[in-house]
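The next block holds one structure in the form of structure tokens; read it before the comments.
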Amino acid sequence: MANYDFKTIEKKWQDRWEQEGAFNAVDDFTLPKFYGLIEFPYPSGAGMHVGHIKAYSGMEVVCRKRRMQGYNVMFPIGFDAFGLPAENYAIKTGMHPRVVTDTNIEKFSGQLKRAGFSFDWTRVVDTTDENYYKWTQWIFLKMFENGLVFRDKAFVNYCPHCKVVLSNEDSQGGKCDICNSDVVQKSKDVWFLRITEYADKLLDGLKDIDFPVNIKAQQENWIGRSTGAFVNFTLTDTDEMLKIYTTRPDTLFGVTFMVMAPEHPLIDKYASRIANMDEVEAYRVECGKKTEFERTQLVKDKTGVKLNGLSAINPVNGKEIPIYISDYVMMGYGTGAIMAVPAHDQRDWEFAKKFGIDIIEVIKGGDIEQEAYTGDGEMVNSDFLNGTTNKKDSIEKMLSFLADKGIGEKGVQYKMKDWAFNRQRYWGEPIPIVHCEKCGMVGVPHDELPLRLPDVKNFEPGEGGESPLAKIDEFVNCTCPKCGAPAKRETDTMPQWAGSSWYFLRYIDPKNDDVFAAEDKLKYWLPIDWYNGGMEHVTRHLIYSRFWHRFLYDIGAVPVAEPYAKRTGLGVVLGADGVKMSKSRGNVVDPDDVIKQYGADTLRTYIMFMGDYTASAPWNESGVKGCKRFLDRVANLSDIAKGNGVTPKLETAMHKTIKKVSQDIEDMKFNTAIAAMMTLLNEINNVGAMTLDELSTFVRLLCPFAPHLCEEMWEQLGGEGLCSLAQWPSYDESKCVDNEIEIAVQVNGKVRDRFTVPADIDAQSAIAMAKELDKVKEFTNNMAFIKELYVPGKLVNLVVKPL
RNA sequence: GCGGAUAUGGCGGAAUUGGCAGACGCGUCAGAUUUAGGAUCUGGUGGUAACCCCGUGCAGGUUCGACCCCUGUUAUCCGCACCA
């Protein structure tokens, strides 16, 4: 079978798998289950590139192995198809996004099938299908009913190019995630999901799930929980309290000024008392001009304006202190106002230096003339705290003091903000809300779902970033579900993250019209046993979907609190030039080209072999050829395999390889699993013989990686049924050890010689034999033996020194 | 600045977690086959002409023994970032 005919073979087995429904998960609740998940693709017009293949191959191999181990495996695929690219393409070409999306899905499906992925094609989910987004809308309404949806005027990240409001996550670094233009700040009425209410639950949930430490750390960092205190400062000559948040209430005696965010509402309330209001207004205008990005760029240079005529009283010592406004204080975090302790906070210190404000040391240990001291030390200038040396103690003392006097309390804050949940675009799920003059915001009744996207001709967004839906009178005008009066529909759509926040649940019961998924099926399939995906989704999709799932759990709609029992990451495939693949660089590799030239098995094997799966690695055409060579040589094993039973010279190697491949797949060390099979192949060729039984084992080991070739060889061997569903080979631990072992002999830690002995040799004889070796003697002549060590099965180390 | 990670031949990367550094593959060199090229097969391949010797970013340390542990340091990548 030299240079096996991969084209014929691959087509043959792909057809067979599909006809026989070989990889379809069954709802037989008595079987042990395994739910393996990959991140479903956005079906772009460009089709897949090899990065997609890598992203799915990890779980593919695991799932194929699980099936052979007897599990009822669900390995589903779907399409996250709402989103801007399809819509922009539609605007350009006049084609309906529906048509564009269907074409792209078709294209992706074909590519996925040609790569031989063992997806369950009966469970395909498409987020733009109205039978799917009906349930996306349903979940939204449930959140609305539970007070997790609200509408608020807010400064939002707005992309003037895409004409949409973006979440913080979509505008990182001040650039639009979609078109990379500069994002500007704009005041707008927007929808929010109250994800902050779930901050603690999302944090706690991390404890019991199997995520790599770096993913957990990133999520914790993103949620950004901090503990501290809220403290009320009285505004002079008023009953008004200026509330601040601080993590260091123990430094209250060091407060010498306060800072409010420029947008702080109290400024307007007391505008009449502020003597320099024009100066304040001017500063506000200046800040408004800055994008959030610019604002964070100017870290060093502090700016601000003192409020003349308005000051505050420090509640712990009654001192009157000035108030400033500055854009280094954000309205969006804490209370939008801070107490400034320049001696022990670097930002406050810089501000104080610039504006000539007092700096009072309250913690000893640093030189506050040079910089703020943020370390620990003895408390000074702090009345009842003086002499305390432990930070925790000082904070505790201060907290109880604040509580006793009723001027402050313990508090918790999060960096995470509520989730701006809307887009002014056509190609998304319509938000199922009706605005009624009398009743306010009313949810669309559940039995009216799905609220379908109306057919429009022009997908261009309206002026000022209005949704194209706003132009469709038949859609907008409706009656209030509550009172029946004429009302208007919400015309915003949901962001792309909506559909992907729960798709893994729909796979479980994709055709159910009554519920998003039946309870018994959810109970059987959840949680997802293993979710593999890209690191770029760690702070967005992975948090959003945990939030949605946790909410569904809280309302009793799903049986487990956390959707993913285990999550792993993967590295990207770089271009041959070592740079990220991109159309503009022209270094993109199309999997179809590789499949045409070398076959899907070669592509799959190479992708898994090219390096550490979790790290990024550059594409290398020669490496692909090497894998093709390997598979050709495997195909040729048919010529030498004869008879049954075991080949004595191969027995240990066979068992070792089964063990290594089995374990490596579990650890996602696919590269070394393949290397082990290559080593075994070399040994077989050296021995020059193997039995049909051994070939059967080899073929089953390789099957998850190169399934088409293995099916063909399995058939030739007369194997029963499909190789893909045959039993995973088992090994005997006792047969993994060699009878004879090679011992390395070190003198003073340096290897000087080796010798081969039976594996059960004792320390004494091993050391004695080692000493007799000529090469060893060279280095031990005229030396005194200080120490003699034997590491069983490994080495002898003789420690010597001159006589 | 904070958090996470990485650093090993010409290249991608191994190393049972403190025990023979460089598995496996690529590339390369030599040979076989071939009219030739390609393909294939066999063998060699960290540096060095070389036994010695030197070698896992750099400098120390612990240990009989360190890619692995400790201290310091440099570089690169990723995430967050005036978070009070």
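Throughout, protein chains are lettered first and strands after them, A, B, ... in sequence-line order, and every chain is numbered starting at 1.
Residue Val329(A) has its side chain nearest to A84(B) when only G65(B), G13(B), A84(B) are considered. Among the nucleotides G79(B), C64(B), G25(B), the one closest to any side-chain atom of Lys787(A) is C64(B). The side chain of Phe609(A) has G25(B) as its nearest neighbour among G25(B), A84(B), G4(B). Checking G25(B), C53(B), A84(B) against every side-chain atom of Met678(A), the shortest atom distance belongs to G25(B). Counting only heavy atoms from C-beta on, Thr672(A) has its side chain closest to A23(B) among A23(B), G12(B), C41(B). In the set C26(B), G19(B), U42(B), the nucleotide with an atom closest to the side chain of Gln746(A) is G19(B). Counting only heavy atoms from C-beta on, Lys750(A) has its side chain closest to C54(B) among C54(B), C24(B), G79(B). Considering only the side chain of Ala617(A), G12(B) comes nearest among A14(B), G12(B), A84(B).
At the heavy-atom level, Gly626(A) lies under 4.0 Å from the strands shown only through sugar-phosphate atoms. Within 4.0 Å (heavy atoms only), Thr335(A) reaches no atom of the nucleic acid at all. Among the heavy atoms of the strands lying under 4.0 Å from Val791(A) is at least one base atom, whether or not backbone atoms are also near. Residue Asp348(A) is out of contact with every strand shown, counting any heavy-atom pair closer than 4.0 Å. Using a 4.0 Å heavy-atom distance criterion, Arg752(A) is classed as a sugar-phosphate-only contact. Here Asn748(A) lies out of heavy-atom contact (under 4.0 Å) with every strand. Here Glu742(A) lies in heavy-atom contact (under 4.0 Å) with a base.
For the pair Gly332(A) and Gly749(A), both in contact range of RNA chain B, the more 5′-proximal nearest nucleotide belongs to Gly749(A).
When the side-chain nitrogen and oxygen atoms of Tyr245(A) are compared with OP1 and OP2 of A84(B), none of them lie within a distance under 4.0 Å. Not one side-chain nitrogen or oxygen of Arg629(A) sits closer than 4.0 Å to the OP1 or OP2 atom of A39(B).
Using a 4.0 Å cut-off between charged nitrogen and carboxylate oxygen, Arg248(A) and Asp250(A) count as a salt-bridge pair. Classification of Asp210(A) and Arg567(A) as a salt-bridged pair fails, no side-chain N sitting under 4.0 Å from a carboxylate O. Salt bridge Lys659(A)/Glu733(A): present, at least one basic N to carboxylate O contact under 4.0 Å. By the 4.0 Å N-to-carboxylate-O rule, Arg752(A) lies too far from Glu778(A) to be salt-bridged with it.
Base pairing of A14(B): no nucleotide in any strand meets the Watson-Crick or G-U wobble criterion (both distances under 3.5 Å). Nucleotide G43(B): paired with C29(B) (Watson-Crick or G-U wobble, both distances less than 3.5 Å).
Note: Phe630(A) and Phe698(A) have tilted aromatic rings, judged against thresholds of 30 and 60 degrees for the angle between ring planes.
For the residue pair Pro342(A) and Ala352(A), the shortest heavy atom distance occurs at CB-CB, 3.6 Å.
Note: CD1 (Ile674(A)) to P (G13(B)) measures 15 Å, nearest angstrom.
Taking only distance into account, the side chain of Lys625(A) never meets the base of C26(B) through a donor-acceptor pair shorter than 3.5 Å.
For the segment residues 654-671 of chain A, the set of residues with a heavy atom within less than 4.0 Å of an atom of RNA chain B comprises Lys669(A), Asn671(A), in numerical order.
A syn base is found at G9(B): its glycosidic angle is within 90° of 0. In textbook terms, a nucleotide whose glycosidic angle is within 90° of 0 is syn, and U17(B) is one such case.
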